[in-house]
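Notes to accompany the following structure.
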Amino acid sequence: MDGSTLLTIVVILVVATALALLRTRRRDRCLKAFDAFPITLVTQSHEATWGTADIRSTGLELTYPAPVVAPEGHLERSVLFYKEQYTSLHALYRCPEGLNASDKMRRDALIERTRDPGLLRRIGRWVRNWMGMVRDALLQSVGMIIGVAKARTPAGGLIGRHDAQVQSLSSEVVQHSGNAFDPLLERHLFSQVVVEVTGPADAMQSYCGWLKDYTSDFIEILDAYANTSHATPLDLDAYRLGDVRLPNQGIHLNDEYLCFENSGPRMFYIDRLTLHDWTHEVDAVVPPQGTLTLALPPQVQATIRRNMRALRVWLGTVDRVDMLLPRQRAQVRHAAGGSDATYEAHRAMLGEQGSSEEDTVAASSSDATRPPEHS
């Protein structure tokens with residue numbers, strides 16, 4: 001074996017090894033921004049799972065706020081969601097109501113850097129995009145290198161047997177690193193946008209928030225308005241089964257589970273369950289048309305059945321929310337007002353219009369029922 005053939009084989013092996021190492025360490029940028037935060041994961045079937053996120057290259061793990069006792073009797077402390085399951089993902093949610101002081105400071109810092117990125121951050125973004133394009137070009141040129149080596153070296157047959165493997169590694173790294181540069185999105189980065197999200201039965205919902213980042217797989221939206229200006233907010237409070245204050249939400253209880261079904265247009269945050277001195281932390285977001293199913297600890301199931309009317313679910317509507325959305329089901333559709341002050345003024349105007357319309361309807365109804373005046 002001559003020196004050129006040996007050098008070619010060594011280069012191929014080094015490139016393949018480097019690509020494999022990159023594949024095991026590379027994490028999606030948008031996903032990485034949710035790492036170590038309490039989040040809620042909602043699938044396309046709108047089933048919610050919640051916990052503290054641990055983002056890895058092959059998926060993510062959610063550690064529950066408290067261990068869950070499965071029907072079989074064993075404890076479950078976390079759930080694993082693999083990268084191959086991302087196609088069934090509807091969204092990841094993070095709201096300030098479920099964060100401690102340290103996590104709120106981290107979130108506030110992210111939002112501040114997004115609203116006011118500064119010159120250095122914008123230059124860093126430009127450099128990252130340029131390096132990403134160069135890296136993509138280098139990775140995609142692996143096939144050309146292999147082709148030349150196969151044609152010019154006696155070891156072409158050996159190299160050919162590894163052709164598919166090396167090109168597969170290259171393709172995976174390019175796709176996973178998410179370096180797809182989008183000039184249309186880039187011009188709206190660090191500004192308020194309106195994103196449209198496709199839900200069950202192709203139902204469309206729109207949210208206005210700050211576009212922090214995007215990759216080839218995800219869009220990251222920060223500090224979005226979770227509910228419309230016409231939605232009546234509900235402060236965090238204790239609600240019981242069949243509470244009349246929740247006309248479009250259902251709280252159901254069976255022997256082992258508590259189920260919260262949100263069939264209305266508002267987004268809710270569930271803080272905890274209480275029954276006399278017993279408290280169970282939840283910290284989960286339930287989006288419109290979403291369902292949250294909570295396994296009840298065996299030691300309190302009998303007590304809850306005997307005291308169903310004493311069970312309280314502490315919940316309220318969400319004001320602001322951070323969202324991680326798959327690009328296959330979410331699109332940035334509009335540029336928004338450009339600032340919180342602009343958007344808040346618009347929402348206030350809509351609220352006043354809604355109140356005026358209600359007053360007009362009430363006055364008309366009153367006039368219709370008032371007896372006629374006689375001269």
Side-chain angles (χ1 to χ4, degrees), residues 30-31 33-34 39-50 86-98 111 114 184-185 188 191-215 217-234 246-250 259-270 284-293 315-338 340 342-344 346-351 353-354:
C30 292
L31 274 173
F34 278 61
I39 64 171
T40 300
L41 183 153
V42 179
T43 63
Q44 274 299 300
S45 61
H46 265 215
E47 284 288 337
T49 306
W50 61 98
Y86 288 169
T87 55
S88 66
L89 181 66
H90 173 70
L92 297 182
Y93 297 99
R94 177 182 64 203
C95 67
E97 287 84 354
I111 294 173
T114 301
L184 197 59
L185 290 181
H188 295 292
S191 62
Q192 277 189 323
V193 297
V194 176
V195 60
E196 292 182 346
V197 185
T198 304
D202 294 331
M204 192 73 68
Q205 291 177 311
S206 297
Y207 298 94
C208 178
W210 294 81
L211 177 60
K212 175 181 177 289
D213 204 352
Y214 67 89
T215 62
D217 296 322
F218 296 103
I219 297 173
E220 185 183 357
I221 303 293
L222 293 187
D223 210 33
Y225 289 87
N227 296 297
T228 67
S229 59
H230 299 296
T232 303
L234 291 178
L246 301 173
N248 297 315
Q249 290 74 37
C259 181
F260 180 84
E261 296 180 351
N262 181 17
S263 58
R266 294 180 294 183
M267 185 179 296
F268 281 84
Y269 166 74
I270 299 183
V285 174
V286 187
Q289 313 305 318
T291 300
L292 181 143
T293 303
L315 58 86
T317 52
V318 176
D319 180 36
R320 303 293 185 95
V321 67
D322 307 328
M323 300 185 292
L324 188 73
L325 306 165
R327 293 187 67 173
Q328 60 182 342
R329 295 188 177 91
Q331 288 185 327
V332 174
R333 182 62 66 187
H334 307 282
D340 276 347
T342 304
Y343 196 76
E344 288 287 3
H346 179 65
R347 285 167 62 91
M349 181 187 67
L350 291 177
Q353 290 178 354

Would you sort out whether Val321 and Met323 count as a side chain to side chain contact (heavy atoms under 4.5 Å, CB included), showing the intermediate values? CA-CA 6 Å; Val321 67; Met323 300 185 292; 4.0 Å; yes
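For the pair Ala33 and Glu220, the tightest heavy-atom approach, listed with the atom from each and the gap, is CB-OE2, 3.2 Å. Of all heavy-atom pairs between Tyr269 and Cys95, the closest is CD1-SG, 3.7 Å. Smallest separation of non-hydrogen atoms from Pro265 and Pro288: O-CG, 3.2 Å. Between Thr40 and Ala284, the closest heavy-atom pair is OG1-CA, 3.5 Å.
Between Glu97 and Val318 there is a side-chain heavy-atom pair separated by less than 4.5 Å. Residues Cys259 and Thr291 are in side-chain contact: their nearest non-hydrogen atoms beyond the backbone lie under 4.5 Å apart. Under the 4.5 Å side-chain criterion, counting only non-hydrogen atoms from C-beta, Leu31 is in contact with Leu92. Residues Leu41 and Phe34 have side chains not in contact (no heavy-atom distance under 4.5 Å, counting atoms from C-beta outward). Between Trp50 and Val285 the shortest side-chain heavy-atom distance does not fall below 4.5 Å. The side-chain heavy atoms of Val332 and Val194, taken from C-beta on, include no pair separated by under 4.5 Å. With contacts defined as side-chain heavy-atom distances shorter than 4.5 Å, the pair Met267/Tyr93 qualifies. Between Arg329 and Leu89, every side-chain heavy-atom pair lies at or beyond the 4.5 Å cut-off.
The SG atom of Cys30 sits 10.0 Å away from the OH atom of Tyr214 when rounded to the nearest 0.5 Å. Atoms OG1 and CZ, from Thr228 and Arg266 in turn, are 9.5 Å apart once rounded to the nearest 0.5 Å. For the atom pair Leu234 CG and Leu315 CG, the distance stands at 8.0 Å (nearest 0.5 Å). Note that CD1 of Ile221 and CD of Gln192 are 10.5 Å apart. Values are rounded to the nearest 0.5 Å. One distance of note links CD1 of Ile219 with NZ of Lys212; it measures 13.5 Å at 0.5 Å rounding. Interatomic distance, NE2 of His90 versus CG of Leu324, reported as 11.5 Å (0.5 Å rounding).
For Gln289 and His46, the side-chain atoms include no donor-acceptor pair closer than 3.5 Å.
A cation-pi arrangement is absent between Arg327 and Phe218 under the rule of less than 6.0 angstrom and at most 45 degrees off the ring axis.
Side chain of Asp322 to main chain of Asp223: a donor-acceptor pair is present (N/O by atom type, distance under 3.5 Å, no hydrogens or angles). With Asn262 contributing its side chain and Gly290 its backbone, the two residues share no donor-acceptor pair below 3.5 Å.
Within a 6.0 Å sphere centred on CD of Gln331, other residues, nucleotides and ligands contribute 12 heavy atoms or fewer.
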